[in-house]
Number of protein chains: 2
Amino acid sequence: MTVIFSKKCEYGLQAVLYLAAQSEREVIPAEEISNKLSIPKEFVSKILQSLTESGIVISRKGKSGGFALAKDPKRIQLIDIVAAIDGLSMFSSCVLGFPHCNPENPCPLHDKWGELRSKAYAMLTDENIDHFRNKTLRKISSL
Amino acid sequence: MTVIFSKKCEYGLQAVLYLAAQSEREVIPAEEISNKLSIPKEFVSKILQSLTESGIVISRKGKSGGFALAKDPKRIQLIDIVAAIDGLSMFSSCVLGFPHCNPENPCPLHDKWGELRSKAYAMLTDENIDHFRNKTLRKISSL
DNA sequence: GATAAATCAGACTAAATTATCCGATATATG
DNA sequence: CATATATCGGATAATTTAGTCTGATTTATC
């Protein structure tokens, strides 16, 4: 298998994008997110709990409770979710798994991969999640 | 955690690059690869066995046996090892884990990721492993 | 032929990831 | 206050990935 983000992180990104696409509404119950995105309810719930601790989402307990973004979607970037769930180690570790891969002791792919990695980082930082709102809505409606 | 290649695949890539860097020698015992690359012997041995079935390396049993490339290193590309171990699904599946991500139903990152993915693919296909020989030797000698 | 050094094959174990379950607690609403 | 509907928190289960062990077989060399 080859992965970019862990399942947990993929689900977290999807769920946060989902929340960002609902900006007019109050909190959204985990069950709705689970249904719309086909993520096991308990699992997405747990992931959002952890994002609550990271300050990215907030939760309201009890009847008509649920999850919502903790701040203006213009101030949240995809990298925030990745950092909270998977961490940022992929942006510093060697793509071939060699130890101490750096400009002094580069692996054969060091330079090429370094470029790609920077672009991947940019992809996750250049835009805030509000920017993805319409695209997310369109994607969700196709599911 | 965030991964590009599985550990198995990282080890496989390292081991094949190692073999390619030893082109003048006959077969290399798994133990040497294990020692030089700090990969558990039985594990790298298993990985090379599977690459034998894929036709990328050959093995010789018995005393002074070991592994070697099955063909001219100019005819082996990194993608061959990736395809044999991790498969190529990462080059077609959605980076956010959405189902049926395609130009008609793109996820919010579809285009950007598509570009990066192509470049990652190119990184693994544009050069044969003989091209990495010197870089590999330099890296190995620093371990 | 005996011995040593290697792969081969398959079962097994360990660890990490993914997913589920359940009881407790909080809260909106009648 | 009772009820229904949520999250919260912790334990547990299932699955995948990573790694280990052992015994058999092969082969070079003395």
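Keep in mind that this is a model prediction, so the values were computed, not measured. Any value given below was found using the heavy atoms of this structure, including those in side chains, with hydrogens, waters and symmetry copies removed. Quick note on labels: first sequence line is chain A, next is B, and so on, each numbered from 1.
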Taking DNA chain D as the partner, which of residues 94-101 of chain A come within under 4.0 angstrom of it by heavy atom?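 Going residue by residue through residues 94-101 of chain A, none turns out to have a heavy atom under 4.0 Å of DNA chain D.
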
Surrounding NZ of B:Lys71 (heavy atoms of other residues, nucleotides or ligands, distance under 6.0 Å), is the total greater than 12? yes

Can you give me the N/O atom pairs linking the protein to nucleotides 6-13 of chain D at distances under 3.5 Å, or say none if there are none?
from, atom 1, to, atom 2, distance (Å)
D:dA6, O4', A:Gly62, O, 3.1
D:dT7, OP1, A:Ala30, N, 2.6
D:dT7, O3', A:Ser59, OG, 3.2
D:dC8, OP1, A:Ser59, OG, 2.2
D:dG10, N7, A:Lys46, NZ, 3.4
D:dG10, O6, A:Lys46, NZ, 2.5

Taking only the side-chain nitrogens and oxygens of A:Tyr11, find out if one of them lies under 4.0 Å from OP1 or OP2 of C:dT18.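 The answer is no; no side-chain N or O of A:Tyr11 sits under 4.0 Å from OP1 or OP2.
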
Taking all atoms of both residues into account, what is the closest heavy-atom pair of [X] and [Y], and its distance?
{"X": "A:Phe132", "Y": "A:Glu127", "answer": "CZ-CB, 3.9 Å"}
{"X": "B:Ala68", "Y": "B:Val27", "answer": "CB-CG1, 4.0 Å"}
{"X": "B:Pro73", "Y": "B:Ala20", "answer": "CB-CB, 4.5 Å"}
{"X": "A:Leu96", "Y": "B:Glu10", "answer": "O-CB, 3.5 Å"}

What is the distance from [atom1] of [X] to [atom2] of [N], rounded to the nearest Å?
{"X": "B:Phe43", "N": "D:dC21", "atom1": "CZ", "atom2": "P", "answer": "14 Å"}
{"X": "A:Lys8", "N": "C:dT20", "atom1": "NZ", "atom2": "P", "answer": "14 Å"}
{"X": "B:Leu19", "N": "C:dT7", "atom1": "CG", "atom2": "P", "answer": "11 Å"}
{"X": "B:Ile47", "N": "D:dG19", "atom1": "CD1", "atom2": "P", "answer": "8 Å"}
{"X": "B:Asp86", "N": "D:dT17", "atom1": "CG", "atom2": "P", "answer": "9 Å"}
{"X": "B:Leu37", "N": "D:dG19", "atom1": "CG", "atom2": "P", "answer": "14 Å"}

Is A:Glu115 paired with B:Lys119 through a side-chain N to carboxylate O contact shorter than 4.0 Å? no

B:Gln77 side chain near B:Ile129 side chain, heavy-atom distance below 4.5 Å: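 Counting from C-beta outward, B:Gln77 and B:Ile129 never come under 4.5 Å.
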
Which donor-acceptor pairs under 3.5 Å do side chains of residues 41-54 of chain A form with protein atoms, sequence neighbours excluded?
from, atom 1, to, atom 2, distance (Å)
A:Ser50, OG, A:Ile47, O, 2.8
A:Thr52, OG1, A:Leu48, O, 2.8
A:Ser54, OG, A:Ser50, O, 3.1

